[in-house]
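Please read all numbers here as calculations on a predicted model, not as lab measurements. Order of the sequence lines fixes the chain letters, A, B, ..., with proteins taken first and strands second; residue numbering starts at 1 for each chain.
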Amino acid sequence: MYLNWGVMPELPDVEILKKYLDRHCLGLKISEVKVLERRILRGTAEGKIKSMLEGRSFVKSRRHGKHLFVEIGNGSLSYIDLHFGMDGGLAFFGKEDPPPEYTRIIFRFGDNYLAYTSRRMLGGIRAITSPEDFIEQKQLGPDALSPAFTREYFLNVIAGKKTSIKAALMDQQIVAGIGNVYSDEILYQAGILPDTRAGLLDKKQSQDLYEKIEHVLKTAVRYDADGESFPRYFLLRHRHKSGNCPCGGKVTSSKVAGRTSYFCPACQK
DNA sequence: TTCCATGTTCCGCA
DNA sequence: TTGCGGAACATGGA
C-alpha cells in the first residue's frame with residue numbers, strides 16, 4: 001500500500017511512477033477496469049479499454065519523456081499510454097482500502113488494485129498500437145536520458161533558435177521529458193538565465209548545459225524524484241518565494257516562456 | 001474573491 | 001509557411 005500522487009510529473013517523476021507500476025503490477029491478471037471519469041480516456045472508448053485489458057496483464061512498460069507506455073499481453077501487440085498532466089499519479093492498494101481522492105480509473109487485479117489519479121485531469125489514458133507511431137505522430141523529440149539524445153543533436157537543434165533557452169528545454173519536440181521545474185534546475189546548475197536566447201549560447205555553455213541535463217535528471221531519479229531529499233546545491237530545495245540560493249543571494253522569479261521561473265541572478269548570467 | 005498552479009494544445013500574429 | 005507567445009483547458013488551494 002503506497003500513495004503516490006500530487007507529484008511533479010516530469011521525466012524523473014514518471015520514471016519513478018514506471019518503477020512503481022513495474023514493481024506492483026507487472027504480470028498480474030487484470031480482473032476489471034473501472035472508469036470513474038470518462039473524460040480521462042481522451043477519445044478512447046470505455047468499452048475498448050475494458051475489452052483490451054480485462055483478463056490480460058501488463059507485460060512491461062517503457063517511458064518516453066513524460067509518457068509511460070504499458071504493453072498489454074493479449075497476443076497481438078497493444079499498449080496503453082499514461083500521461084500524468086500536471087498532478088497525476090498512481091497508487092496501488094489492497095482491497096480493503098478505499099481509492100484515494102481524484103481517482104479517475106481503477107485497474108483491479110483480484111484483491112488489489114491500481115488507481116490512476118489526476119486532480120485537474122490534464123493528463124489522460126489512451127489505447128495505442130505502437131509507442132513508436134505515437135511518438136512520431138506527436139513529434140516528440142528523443143527522451144532526455146536516452147542514447148538518442150546526443151550532444152551533437154542538442155547543439156545542432158538549439159543553434160540559431162530565437163526562443164528562450166528555457167522554452168527550448170521545455171519543448172517536447174526538441175527533447176522529451178523536461179518541464180518547468182527541471183528546466184529551472186538545469187539552467188541553475190549550468191549558470192544560465194532562463195530568458196537567454198537559445199541561439200546566443202556559445203559552444204562551451206551549450207556543452208555544459210547538455211551535461212547538466214543528464215546530471216540533474218539522473219540525480220533526481222537517484223533520489224526517487226523526492227525534492228525534499230535532493231542535495232542542498234539543488235535550486236529545487238529553495239525554489240519558492242523568499243527562497244535563498246546556497247550562494248547567499250535571493251532566489252528570484254519571473255515569467256519566462258509563459259511560466260513562472262525561479263533563478264538566482266547572482267549565479268546565473 | 002482573485003490569482004495561481006508542475007502540461008499540452010490550439011489560435012492568431014509576425 | 002513556419003515559428004513563436006499567449007490563452008484555453010479543468011479543478012482546487014492559498
* Any residue of residues 187-194 of chain A with a heavy atom less than 4.0 Å from an atom of DNA chain B -> none
* So what does A:K241 hit on the nucleic acid, given a heavy-atom distance under 4.0 Å: a base, only sugar-phosphate, or nothing? -> nothing
* Side chain to side chain, A:Y182 and A:L169, heavy atoms closer than 4.5 Å -> no
* P atoms of B:dT9 and C:dG12, separation to the nearest Å -> 23 Å
* Asked: Want to settle it: does A:A167 or A:E37 sit nearer the 5' end of DNA chain C, counting the closest nucleotide to each?
  -> A:A167
* Structure fact -> Stems in DNA chain B, runs of 3 or more consecutive Watson-Crick or G-U wobble pairs with both distances under 3.5 Å, sorted by first number, are B:2-5 with C:11-14, B:7-14 with C:2-9
* Name the first nucleotide and the last nucleotide along DNA chain C (5' to 3') that come under 4.0 Å of a heavy atom in chain A. => C:dC4 to C:dG13
* To do: Write down the distance separating the P atoms in B:dC4 and C:dG6, rounded off to the nearest Å.
  => 15 Å
* Is there a donor N/O on one and an acceptor N/O on the other, under 3.5 Å, for the side chain of A:R120 and the base of B:dG7? -> no
* Structure fact -> Residue pairs meeting salt bridge (charged side-chain N to carboxylate O under 4.0 Å, His left out), one or both in residues 166-182 of chain A, sequence neighbours left out, come to A:K166-A:D184
* To do: For A:Q172 and A:M170, indicate whether the former's side chain and the latter's backbone hold a donor-acceptor pair under 3.5 Å.
  => yes
* **Within the 6.0 Å centroid threshold, strictly below: A:H67 and A:F134** => yes
* Indicate whether OP1 or OP2 belonging to B:dT8 is found under 4.0 Å from a side-chain N or O atom of A:K66. => yes
* Using a heavy-atom cut-off of under 4.0 Å over every strand shown, decide if A:R259 touches base, sugar-phosphate, or nothing. => base
Under 3.5 Å, which donor-acceptor pairs do the side chains of residues 144-155 of chain A form with other protein atoms, sequence neighbours left out?
residue : atom : partner : partner atom : Å
A:S146  : OG   : A:D143  : O            : 2.8
A:S146  : OG   : A:A148  : N            : 3.4
A:T150  : OG1  : A:Y153  : N            : 3.1
A:Y153  : OH   : A:I174  : O            : 2.6

Quick one: side chains of residues 221-231 of chain A, donor-acceptor pairs under 3.5 Å with protein atoms, not counting sequence neighbours, listed by atom name and distance.
residue : atom : partner : partner atom : Å
A:D226  : OD1  : A:E228  : N            : 3.3
A:S229  : OG   : A:D226  : O            : 2.9

